[in-house]
Amino acid sequence: MTQARQKQGKSVFIRTYGCQMNVYDSERMAGLLKPLGYGVVEAPDAADLVILNTCHIREKAAEKVYSELGRLKKIKTARVRDGDEMVIAVAGCVAQAEGPEIIARAPVVDLVVGPQAYHQLPELLARATRERGEVLATDFAVEEKFDRLAERQADGPAAYLTIQEGCDKFCTFCVVPYTRGAEVSRGVDAITAEARSLAVQGVKEITLLGQNVNAWRANAPAGGAGSDGSTWGLGELCRHLAKIDGLARIRFMTSHPRDIDDGLIAALGEEEKLMPYLHLPVQAGSDKILKAMNRGHSAKTYISQIAKIRMARPDIALSGDFIVGFPGETNEDFEATLALVEEIQYASAYSFKYSRRPGTPGAAMPGQVAEGEKNQRLIRLQALLEAQRAAFNRAQIGKTLPVLFEKPGRHPGQLIGRSPYLQSVHVDAPQSMLGSIAPVRIADVTPNALAGVLVRKAEVAA
Ligand code: SAH
Ligand code: SF4
Ligand code: F3S
């Protein structure tokens with residue numbers, strides 16, 4: 001008898017690619033499958049169900065899916081030969097963008113399910129097993145998705161919470177408006193209930209997620225303080241969630257420069273539970289390129305917004321996303337990106353070579369930049385960003401920072417936590433401190449983390 005048949009319940013293996021929203025969705029899918037008897041396993045080999053939660057943002061990300069499906073095909077073929085079964089599902093943004101193509105290219109796939117149809121998973125799975133054919137579900141029903149997804153179990157003291165999904169910005173390089181659909185905001189009550197449930201489970205830090213999280217808008221909750229029938233923005237939501245007992249830290253991502261409003265800046269300045277860290281992608285520093293990207297802001301407006309935010313919250317650390325080699329980007333345009341980075345001084349950043357995505361306006365633009373040129377620019381930009389990140393980390397030496405302990409470290413007696421600036425901090429501390437926040441004096445930096453020592457209460461008070 002095979003290993004799979006001896007098992008009591010069923011098992012699911014989920015591989016997650018791409019952004020935090022996919023991480024959140026994977027957790028929710030696991031939560032939805034649990035009542036159906038599926039336990040999560042760490043490897044695909046003996047799983048009854050394998051879900052690839054995919055990302056379509058760059059060509060490389062999308063292609064990874066097909067190579068993974070190639071590996072899974074071998075596993076599944078061997079399993080079927082043994083009289084066993086294995087259902088393979090492709091979820092996420094590749095599913096949404098290339099559903100029929102996946103089924104044509106990879107017949108091993110039983111089910112294709114887009115990000116707005118996860119709540120239908122139980123029915124879809126039943127159909128996929130019953131009909132033994134491919135099932136494709138890529139309709140947009142994001143509100144229904146949130147209503148019907150089961151509550152999830154917290155996994156550690158920090159958790160993601162999706163509050164907004166989709167994007168109306170249509171940057172000319174980006175697939176997200178096509179894969180995630182139009183901007184939809186979840187209601188205050190649903191978000192608050194989920195945040196409360198996480199807090200009860202010991203979660204100390206929540207990161208509110210949205211493709212454009214600061215485009216979030218919803219009606220103020222009925223009853224209680226603040227119920228004047230007004231519409232809230234992200235600033236009001238953060239202040240509201242900050243009242244939840246047990247929650248100590250609130251973050252949000254990803255923000256768009258176009259939707260930063262005064263309410264959010266004021267909340268960043270006043271609400272202590274809002275962490276002093278803002279991910280605010282700019283993509284490029286040349287106004288000509290920003291216009292061609294349809295970003296809806298200039299370099300100058302971005303810089304002045306950051307000045308305003310820094311005025312409200314002087315200790316704020318910034319991070320950003322950058323694309324080099326967008327069509328039409330000259331050396332001079334690229335120099336403008338470097339100049340903007342010099343001006344802002346980032347604590348961390350992500351940077352990418354422009355990837356031509358089918359169906360986006362950028363893909364058809366003249367002036368596509370040669371791969372070699374993109375490589376050169378990326379190397380220069382990353383060197384600058386890395387120097388800024390290292391300098392920011394070094395500047396923490398000697399400071400005492402509150403650290404949220406998230407997991408055991410590699411060495412016995414060590415814990416790994418997060419600083420307010422999202423830096424990983426390694427500290428010698430007892431296991432009993434997992435899930436708590438304590439002051440740590442930063443003593444050293446390693447390439448990817450800070451190292452520090454616990455500060456005892458008496459020392460802090462002194
Ligand atoms: N909603 C967020 C992030 C979207 S995707 C925002 O508006 O900023 C994350 C990052 O991937 C983007 O910020 C961008 O820097 C990068 N990206 C998106 N499309 C890309 C493409 N076609 N080629 C290279 N990088 C891309
Ligand atoms: Fe993509 Fe632009 Fe929307 Fe961000 S704002 S998800 S980069 S289209
Ligand atoms: Fe990728 Fe979709 Fe997120 S394309 S970055 S998984 S929204």
Side-chain angles (χ1 to χ4, degrees), residues 15-26 52-65 90-98 114-116 118 138 142 160 162 164-184 208-216 252-260 278-285 289-290 292-297 302 318-327 329 337 346 348-365 368-369 371 374-375 377-378 381-382 385:
R15 193 184 289 288
T16 307
Y17 304 83
C19 64
Q20 288 81 2
M21 199 160 292
N22 269 8
V23 175
Y24 175 87
D25 283 344
S26 290
L52 301 183
N53 194 3
T54 62
C55 173
H56 199 244
I57 202 83
R58 283 168 290 276
E59 192 180 349
K60 247 196 212 149
E63 280 306 313
K64 270 188 206 157
V65 178
V90 177
C93 290
V94 181
Q96 190 65 40
E98 306 182 354
Q116 276 73 30
Y118 296 152
T138 48
V142 73
Y160 293 131
T162 295
Q164 182 275 343
E165 202 166 329
C167 180
D168 297 339
K169 299 292 183 287
F170 291 94
C171 300
T172 52
F173 50 81
C174 185
V175 295
V176 172
Y178 312 98
T179 62
R180 294 277 173 168
E183 285 175 4
V184 176
L208 307 176
L209 297 181
Q211 260 91 33
N212 280 304
V213 74
N214 55 340
W216 180 89
F252 52 86
M253 69 186 298
T254 296
S255 303
H256 193 290
R258 224 152 88 185
D259 295 320
I260 292 271
L278 181 66
H279 183 59
L280 193 61
V282 64
Q283 315 297 354
I289 296 298
L290 288 170
M293 286 176 162
N294 190 33
R295 289 288 293 176
H297 61 81
Y302 178 82
L318 286 152
S319 97
D321 290 348
F322 297 88
I323 295 177
V324 300
F326 185 78
E329 187 186 74
T337 299
Y346 288 91
S348 85
Y350 299 91
S351 46
F352 313 97
K353 283 187 285 182
Y354 170 67
S355 169
R356 210 167 167 175
R357 306 307 289 130
T360 60
M365 283 183 188
Q368 300 287 330
V369 176
E371 205 54 27
K374 286 187 208 170
N375 284 332
R377 290 181 191 170
L378 189 66
L381 176 62
Q382 290 190 336
L385 290 167

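Every number for a ligand or one of its atoms is a count from 1 in the order of the listing. Basis for what follows: all heavy atoms, side chains included, without hydrogens, waters or symmetry-related copies. Residue numbers count from 1 along this sequence.
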With backbone taken as N, CA, C and O and side chain as the heavy atoms from C-beta onward, which portion of Cys171 lies under 4.0 Å from ligand 2: side chain, backbone, both, or neither?
both
Please evaluate residues Lys169 and Glu183 with respect to the criterion salt bridge (Lys or Arg N to Asp or Glu O under 4.0 Å), reporting the C-alpha separation (whole Å), side-chain torsions for both, the decisive distance (0.1 Å), and the verdict.
CA-CA 9 Å; Lys169 299 292 183 287; Glu183 285 175 4; 2.9 Å; yes
What protein heavy atom lies closest to atom 14 (C) of ligand 1? Include the residue and the distance to one decimal.
Gln283 OE1, 3.3 Å
Before signing off on this row, confirm whether Ser255 and ligand 1 have an N or O atom pair separated by under 3.5 Å.
no
Side chain or backbone of Lys353 under 4.0 Å from ligand 1, or both, or neither, by non-hydrogen atoms?
backbone
Where on Thr254 is there a heavy atom closer than 4.0 Å to ligand 2, on the side chain, on the backbone, on both, or on neither?
neither
Heavy-atom closest contact (Ile57 atom, Val175 atom, distance)
CA-CG2, 4.0 Å
For atom 9 (C) of ligand 1, grab the closest protein heavy atom and report residue, atom and distance to one decimal in Å.
Asp321 OD2, 3.6 Å
Decide, counting backbone as well as side-chain atoms, whether His256 has an N, O or S atom less than 2.8 Å from atom 3 (Fe) of ligand 2.
no
Protein heavy-atom partner closest to atom 1 (Fe) of ligand 2 - residue, atom, separation in Å:
Cys174 SG, 2.3 Å
Under 4.0 Å from one or more heavy atoms of Cys93, ligand 3 contributes atoms 2 (Fe), 4 (S), 6 (S), 7 (S)
Between Lys353 and Asn375, do the side chains contain an N or O donor and an N or O acceptor separated by less than 3.5 Å?
yes
Taking 4.0 angstrom as the limit and counting only heavy atoms of Arg357, give me the atoms of ligand 1 inside it, by number and element.
22 (N)
of all protein heavy atoms, closest to atom 19 (N) of ligand 1 is Phe173 CD1, 3.2 Å
Considering non-hydrogen atoms of the protein only, which is the closest contact for atom 5 (S) of ligand 1, and what is the distance?
Ile57 CD1, 3.4 Å
Starting from atom 21 (C) of ligand 1, which protein heavy atom do you reach first, and at what distance in Å?
Ser355 O, 3.7 Å
If you take the nearest heavy atom of each of Gln211, Arg357, Met21, which one is closest to atom 7 (S) of ligand 3?
Gln211
Going by distance alone, is a donor N or O of one side chain under 3.5 Å from an acceptor N or O of the other, for Tyr160 and Asp25?
no
Does atom 16 (C) of ligand 1 have a protein non-hydrogen atom under 4.0 Å from it?
yes
In terms of its nearest heavy atom to atom 3 (Fe) of ligand 3, the top option of Cys19, Pro177, Gly166 is Cys19
I'd like to check which ligand 1 atoms, numbered from 1 as shown, lie under 4.0 Å from a non-hydrogen atom of Thr254.
2 (C), 6 (C), 8 (O)
Quick check for you: to the nearest 0.5 Å, what is the distance between Met293 atom CE and Phe173 atom CZ?
5.0 Å
In ligand 2, the atoms that come under 4.0 Å of a heavy atom of Lys169 are 3 (Fe), 5 (S)
Near Asn22, which atoms of ligand 3 are under 4.0 Å from a heavy atom of that residue?
6 (S)
Which segment of Pro281 sits under 4.0 Å of ligand 1 when only heavy atoms are counted:
side chain
Region of Pro281 that comes within reach of ligand 2 [heavy atoms, distance under 4.0 Å]
neither
Among Ala62, Ala95, Cys55, which one has a heavy atom closest to atom 1 (Fe) of ligand 3?
Cys55
Any atoms of ligand 2 less than 4.0 Å from a non-hydrogen atom of Phe173? List them with their elements.
7 (S)
Is the contact between Phe170 and ligand 2 made by the side chain, the backbone, both, or neither, using heavy atoms and a 4.0 Å cut-off?
backbone
Glu63, CD atom: more than 12 neighbouring heavy atoms under 6.0 Å:
yes
Atoms in ligand 1 flagged as close to Tyr354, the criterion being non-hydrogen separation under 4.0 Å
23 (N), 24 (C)
Going by the atom numbers of ligand 1, which of them fall below 4.0 Å from some non-hydrogen atom of Gln211?
1 (N), 2 (C)
Should you measure from each heavy atom of Arg58, which atoms of ligand 1 turn up under 4.0 Å away?
11 (O), 16 (C), 17 (N), 23 (N), 24 (C), 25 (N), 26 (C)
Stepwise ring pair (Phe, Tyr, Trp, His ring centres under 6.0 Å) test for Phe322 and Tyr354:
CA-CA 9 Å; Phe322 297 88; Tyr354 170 67; over 10 Å; no
If you scan protein heavy atoms around atom 3 (Fe) of ligand 2, the nearest is Cys167 SG, 2.2 Å
